Amino acid sequence: QAAAKAKRELLRIEKIAVRDRELNQRSKQSLLDSLLSQLHSELTVRLEEELLDEENIYKKVLGINENLPDVLDILSVKAASIGRIEPVIATMPWLVKDLIKMVNMPKYRRVDRKGKSIAVESLRMALSFIGIENLKMVVPAMAMRRWLPQITDPYPSIKSRLWDQSIGTAISCRKMAELVGQHQGMAFTLGMFHNLGTIVLVRLYFRLFELVLRDALKEAQDNQKKQEYDALRELKPNADFLRELIIQRASTISAKMIKRMDMRRVYISHAMGEYAEQAPIAEMSPMAKILSQASAYTKYRNLKEF
């Protein structure tokens, strides 16, 4: 009987310990949720300030080269030639390097009559190898790769997901444009660039999260708030918050960035604006309708793979 009583007491103590752990866990989670909410409130204020400066977004956050729109304009006209486009591309060392690197890759490398690989060392030769028609796709794709966010821990797959969505939409846009008689090069560029706003928000979110968290940690340390300091150290960027930001803001920012590019012959700004405004698809222009359908189709295809 004494043994049974001791066993019941042990069970009671264990239940109390389990209850206390659960209460502590709930209390800690409540603190974490509260701190994350405060952090995001401050982050939102700073984000709004950043987004007001469209020039900074265009030149620094994205880093769009001032001559890139000229390249795309030249490529879009029937009279486009290697001679016309070479001097403009030559002003962008990163693009020159990427083009030469591409044509020297094993799968693209050409061989001479003896079967020996032909090394391409000049921009002129690289452009000739690629050809004008292929450049209409290669240049926007290389630009997009350059703009993709690099550091997105703890979500390293963001970069690859963004690329898959962009290239998939661009290829779908090009095919649909062919079917309905629209400009294939412009449609490809529109599909490739429609995610510019997402790139902006991803870059800003991760940078601002780090800055705001650092300030909060310093404040907690200065005020000797150990519990708050320890909790802050556990906070990580929040996928749900970022996803909501992208849903609400990304397309509008994309439209602003494409408009800022001020391309004179690549007529995609109006279509991106219609897409951002979520106009009824029946009322959209042909190019905006292509983007809407291509983007939805690509999202479906990408989701199906997961």
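The structure presented is a predicted model; accordingly, all values stated were derived computationally and were not measured.
We find that K175 and E178 are joined by a salt bridge, their nearest charged nitrogen and carboxylate oxygen being less than 4.0 Å apart. A salt bridge does not link R233 with D230: every distance from a Lys NZ or Arg NE/NH1/NH2 to an Asp or Glu carboxylate oxygen is 4.0 Å or more. Electrostatic pairing of K136 and E133 counts as a salt bridge here, judged by a charged N lying under 4.0 Å from a carboxylate O. A salt bridge does not link E54 with K259: every distance from a Lys NZ or Arg NE/NH1/NH2 to an Asp or Glu carboxylate oxygen is 4.0 Å or more. Between R260 and E55 there is a salt bridge, since a side-chain N of the basic residue sits under 4.0 Å from a carboxylate O of the acidic one.
In this structure, Y155 contributes its side chain and P237 its backbone to a donor-acceptor pair below 3.5 Å. For the pair H183 (side chain) and M287 (backbone), a donor-acceptor distance under 3.5 Å is absent. Side-chain atoms of S128 come within 3.5 Å of backbone N or O of R124 as a donor-acceptor pair. Side-chain atoms of T189 come within 3.5 Å of backbone atoms of G185 as a donor-acceptor pair (strictly under, hydrogens ignored). No donor-acceptor distance shorter than 3.5 angstrom exists from the side chain of N67 to the backbone of D70, with no hydrogens or angles considered. Distance alone, capped at 3.5 Å, places no donor-acceptor pair between the T169 side chain and the S166 backbone. Looking only at distances, a side-chain donor or acceptor of S254 sits under 3.5 Å from a matching main-chain atom of A250. With D73 contributing its side chain and M263 its backbone, the two residues share no donor-acceptor pair below 3.5 Å. At least one donor-acceptor pair closer than 3.5 Å links the side chain of R203 to the backbone N or O of W147. Y275 contributes no side-chain N or O that, together with a main-chain N or O of K289, makes up a donor-acceptor pair within less than 3.5 Å.
Between M284 and E274 the shortest heavy-atom distance is CA-OE2, 3.5 Å. Closest heavy-atom contact between F193 and M261: CE1-CE, 3.7 Å. Among all heavy-atom pairs drawn from A255 and A276, the shortest one is CB-CB, 4.2 Å.
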E210/F206 under side-chain contact (heavy atoms from CB on, under 4.5 Å): CA gap, chis, key distance, verdict: CA-CA 6 Å; E210 184 179 346; F206 283 96; over 6 Å; no
Step-by-step salt bridge (charged side-chain N to carboxylate O under 4.0 Å, His left out) determination, D215 to K218: CA-CA 5 Å; D215 290 347; K218 185 177 185 306; over 6 Å; no
Full working for side chain to side chain donor-acceptor pair (under 3.5 Å) between E42 and Q38: CA-CA 6 Å; E42 174 61 23; Q38 292 174 43; over 6 Å; no
Working for salt bridge (charged side-chain N to carboxylate O under 4.0 Å, His left out), residues E50 and K60: CA-CA 11 Å; E50 292 265 7; K60 298 292 178 62; over 6 Å; no
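With rounding to the nearest 0.5 Å, the separation of CZ in F241 from OG in S37 is 9.0 Å. Considering CD of Q165 and OG1 of T198, their distance stands at 8.5 Å, rounded to 0.5 Å. Once rounded to the nearest 0.5 Å, the distance linking CD of E49 with CG of N56 reads 12.5 Å. The CD1 atom of I74 sits 11.0 Å away from atom CD1 of I82, with the distance rounded to the nearest 0.5 Å. Rounding to the nearest 0.5 angstrom, the gap separating the CZ atom in R146 from the CD atom in Q150 is 10.0 Å. A distance of 12.0 Å separates CE of M186 from CD1 of I290, quoted to the nearest 0.5 Å.
Annotation: side chain of E121 is not in contact with side chain of I100 (no heavy-atom distance under 4.5 Å). Under the 4.5 Å side-chain criterion, counting only non-hydrogen atoms from C-beta, T298 is not in contact with I167. The side-chain heavy atoms of E219 and N223, taken from C-beta on, include a pair separated by under 4.5 Å.
A single hydrophobic cluster is not seen to contain both L201 and I247; linkage of ILVMFWY side chains at heavy-atom distances under 4.5 Å, directly or through other members, places them apart. Hydrophobic clustering (ILVMFWY, side-chain heavy atoms < 4.5 Å, transitive): Y267 and I258 are in one cluster. A chain of hydrophobic side-chain contacts below 4.5 Å, direct or via other Ile, Leu, Val, Met, Phe, Trp or Tyr residues, connects M125 to Y108. The hydrophobic clustering, which links ILVMFWY residues whose side-chain heavy atoms are closer than 4.5 Å, places V266 and V77 apart. V45 and I57 fall into different hydrophobic clusters, where Ile, Leu, Val, Met, Phe, Trp and Tyr are joined by side-chain heavy atoms under 4.5 Å apart, directly or via other members.
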